[in-house]
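Notes follow once the structure below has been shown.
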There are 2 protein chains.
Amino acid sequence: MPSARSPFDPLWVGVADPLRSAIVEGRLAPGKALSENQLAAEYGVSRTPVREALRLLMEEGLVEMLPGRKVRVAVPRPSDVREVYDVRAVLEAEAVRRLLKTEETARRVVAEMERACDVSDAALARDDLTALAAANARFHAALVSALGNRRLLADYETIYNLVALYRHQSLRIEYWAEAGNAEHRALLDRLRRGDEAAAIDLLRAHIERACALVCRRYEQAPAPVIETPGPSTSPPETRSTGREDSP
Amino acid sequence: MPSARSPFDPLWVGVADPLRSAIVEGRLAPGKALSENQLAAEYGVSRTPVREALRLLMEEGLVEMLPGRKVRVAVPRPSDVREVYDVRAVLEAEAVRRLLKTEETARRVVAEMERACDVSDAALARDDLTALAAANARFHAALVSALGNRRLLADYETIYNLVALYRHQSLRIEYWAEAGNAEHRALLDRLRRGDEAAAIDLLRAHIERACALVCRRYEQAPAPVIETPGPSTSPPETRSTGREDSP
DNA sequence: TTTTGTGTACTTGTATACAAGTATGCCGAC
DNA sequence: GTCGGCATACTTGTATACAAGTACACAAAA
C-alpha cells in the first residue's frame, strides 16, 4: 500500500513513484539514460519536480549520475550487489533474533510467513508471476516487521527495491521462486523450533547463494552501456521478444 | 575528512555541508525555522540549490518539514531517539560479530579503538571538548569499520549525526564522555578476550543507557516550539549564556 | 474588552529563462 | 577513404518569475 497519495502532494511524488515502480519492476532497464526534459514532457510537469524526483531516486540507489552529469538507471556493479545483499542479511538476521525473543511474536510472525509461503506455492502452481512476487515480498515483509523499527524497515524496503532491480536483470523469476520457497520453508522450521543460530545460518546461506547467482550474472555481462533514450516507459522495449536468461 | 570538495561541485553541497555541520555541532538548535530565501541570501546562491540541500538533509533526518510545508531543524521525539539508538545498536553489534570473526582484524581494530580511548582520556584531562568528541567519533568509526560495507558505513554516519544532534540538546559532553570512556574500556576488554556475547551485551547496555538518558531529557522538555528565524548561524543564540543541563 | 475581518508580508511549489558544458554529426580538406 | 574542425542540438546547473497558500498584525465593529 503506497500510503495514500493525495492530489495535494507535491508534483515530484507523481514522478518519483511511477519511475521507481518502472525501475523496480524491470520496465526500465539498468543503463537507460534519463533526460530531465523528456521525463518532464512525459509526466506533464516542468523540470523542477523531475529533478527532485531524480535526486530522491539517486539517494535510494535506483538511479545514478555519471561523471558527465548524465543520469541513468543504476547499472549495478558486483561490489554494489554484494553490499546490498549483505545489508539485507544483516537486517533479516536481526529480525530473526528479535522474532525469537518473545514467543508470542514468534508465533504470530511465523504464521504470517507461512501463509505467505502457501500463497507463493499456489501462485507458482498457477504460473502467476505477479502474485508470486507479491507473496515473496509478503514473506520477507512479515519477517522484517519483527524489527519493530520504522527506520530499519524503511532501509530494508529501499534495499529490497535494489534487490528486485538486480534480480530482474539476472534471473528468471520462476527460478529463484522455486528454489527460494523450499529454503523459506526450511527457515520456518528452524524458527518454529526456536533455533536462532540455525535459522540465521540458513538465512545467510540463502542470501549468499542468491547474491552469488546475481553477481556471477553481472560478471558475465560487464558492459555498462548507456542505452539510447527513447520514450522511457515504452512497453515494446526494442529487443523484448526473447527472454534474456537462457544460459 | 569531508572527501575533498572541489570548486566544481554543484552549489548545493556548499549549502548542505555547512548546514549539516551547524546542526550536528549544535550551532543550529532543533526547532529553528529554516527559510529558503534566507539561506539563499546567506550563502549567496539562489533558492534552487538551497532546496536541493534541504531535501538531502531531510532525507538524513536532520531537518523536517511541518504540515504547513515549513522547514525546520528536526525536533526529535522520544520515539525517533529510540529508533536511532536502536539502529546504532544493531550496526555496532554486527560490527562486533564481524570483528571477532578473524583474529587479525580483531587485533588491528581493537588496537585502533584503544588508541582512540587514550586520546579521549588525554583530551578529557585537558578539558579539550573538541578533541574529546573527535576521539569518541574515532573510537566508534574504528569499530564500525569492521562492517566492511560502505553502505552500512554511510548509514552509520547518518545515524551518528543524529545522535550528535540529540546529545547536544540533552547532555553535557563531559558527562557522557566520562561515563562512556569507562564503558568503552570494558568493551575493549571483552573484545580482547573474544567474548562476543559479553561484548554485545555490554554494547547494548551502553547504548540503551545513553538512549534512556537522552529520552528522559526530551520527555522533560516536550515543547516542540518553532523558534523565530533570525540569522541562522548567529553565535549569540539569544538565551545561550547559561548551560541548560544542570539537573 | 473581545471579536472579526482584512491586508500585508511572508512562506513554498512550480515553471521558465539563461548560461555553460558536452557529444554528435556533418562537411570539407587531405 | 580518413581525419579534423565546426556547427548544432542536446544535456544539466542555476537564477528568477509567478502563483497560491498561510500566518500574523492591525484596525474596526460589537
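As the structure is a prediction and not an experimental result, all values here were calculated from the model. Numbered from 1 within each chain, the chains take letters A, B, ... in sequence-line order.
- Distance B/Leu54 CG to C/dT12 C1': 11 Å, rounded to the nearest Å.
- One can place OH of A/Tyr43 at 15 Å from P of C/dA15, the figure rounded to the nearest angstrom.
- Between A/His206 and A/His140, the two ring planes are parallel [angle under 30°; tilted spans 30° to 60°].
- The phosphate of C/dT14 has neither OP1 nor OP2 within less than 4.0 Å of any side-chain N or O from A/Ser46.
- The phosphate of C/dG13 (OP1 or OP2) has a side-chain N or O of B/Arg51 nearer than 4.0 angstrom.
- The separation between B/Leu66 atom CG and C/dT11 atom C1' is 12 Å, rounded to whole Å.
- Nucleic acid contact for A/Val45: sugar-phosphate only, since backbone atoms but no base atoms lie under 4.0 Å from a heavy atom of the residue.
- Between B/Asp80 and B/Tyr166 the shortest side-chain heavy-atom distance falls below 4.5 Å.
- OP1 or OP2 of D/dT14 has not a single side-chain nitrogen or oxygen of B/Thr48 nearer than 4.0 Å.
- Contact between B/Tyr85 and B/Cys211 at its shortest, heavy atoms only, is CG-CB, 3.6 Å.
- Here D/dT22 presents its P atom at 10 Å from CZ of B/Arg69, a figure rounded to the nearest Å.
- The nearest whole Å value for the distance from the CG atom in B/Asp9 to the P atom in D/dT12 is 18 Å.
- Between the C1' atom of D/dT14 and the CH2 atom of B/Trp12 lies a distance of 14 Å, rounded to the nearest Å.
- The phosphate of D/dC10 has neither OP1 nor OP2 within less than 4.0 Å of any side-chain N or O from A/Asn37.
- Residue B/Glu52 contributes atom CD, which lies 13 Å from atom P of C/dG13 at whole-angstrom precision.
- Computed from coordinates, the A/Met65 CE to D/dT11 P distance equals 16 Å when rounded to whole Å.
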Can you list the steps and then say if B/Tyr43 with B/Leu19 is a side chain to side chain contact (heavy atoms under 4.5 Å, CB included)? CA-CA 10 Å; B/Tyr43 288 99; B/Leu19 207 51; 4.1 Å; yes
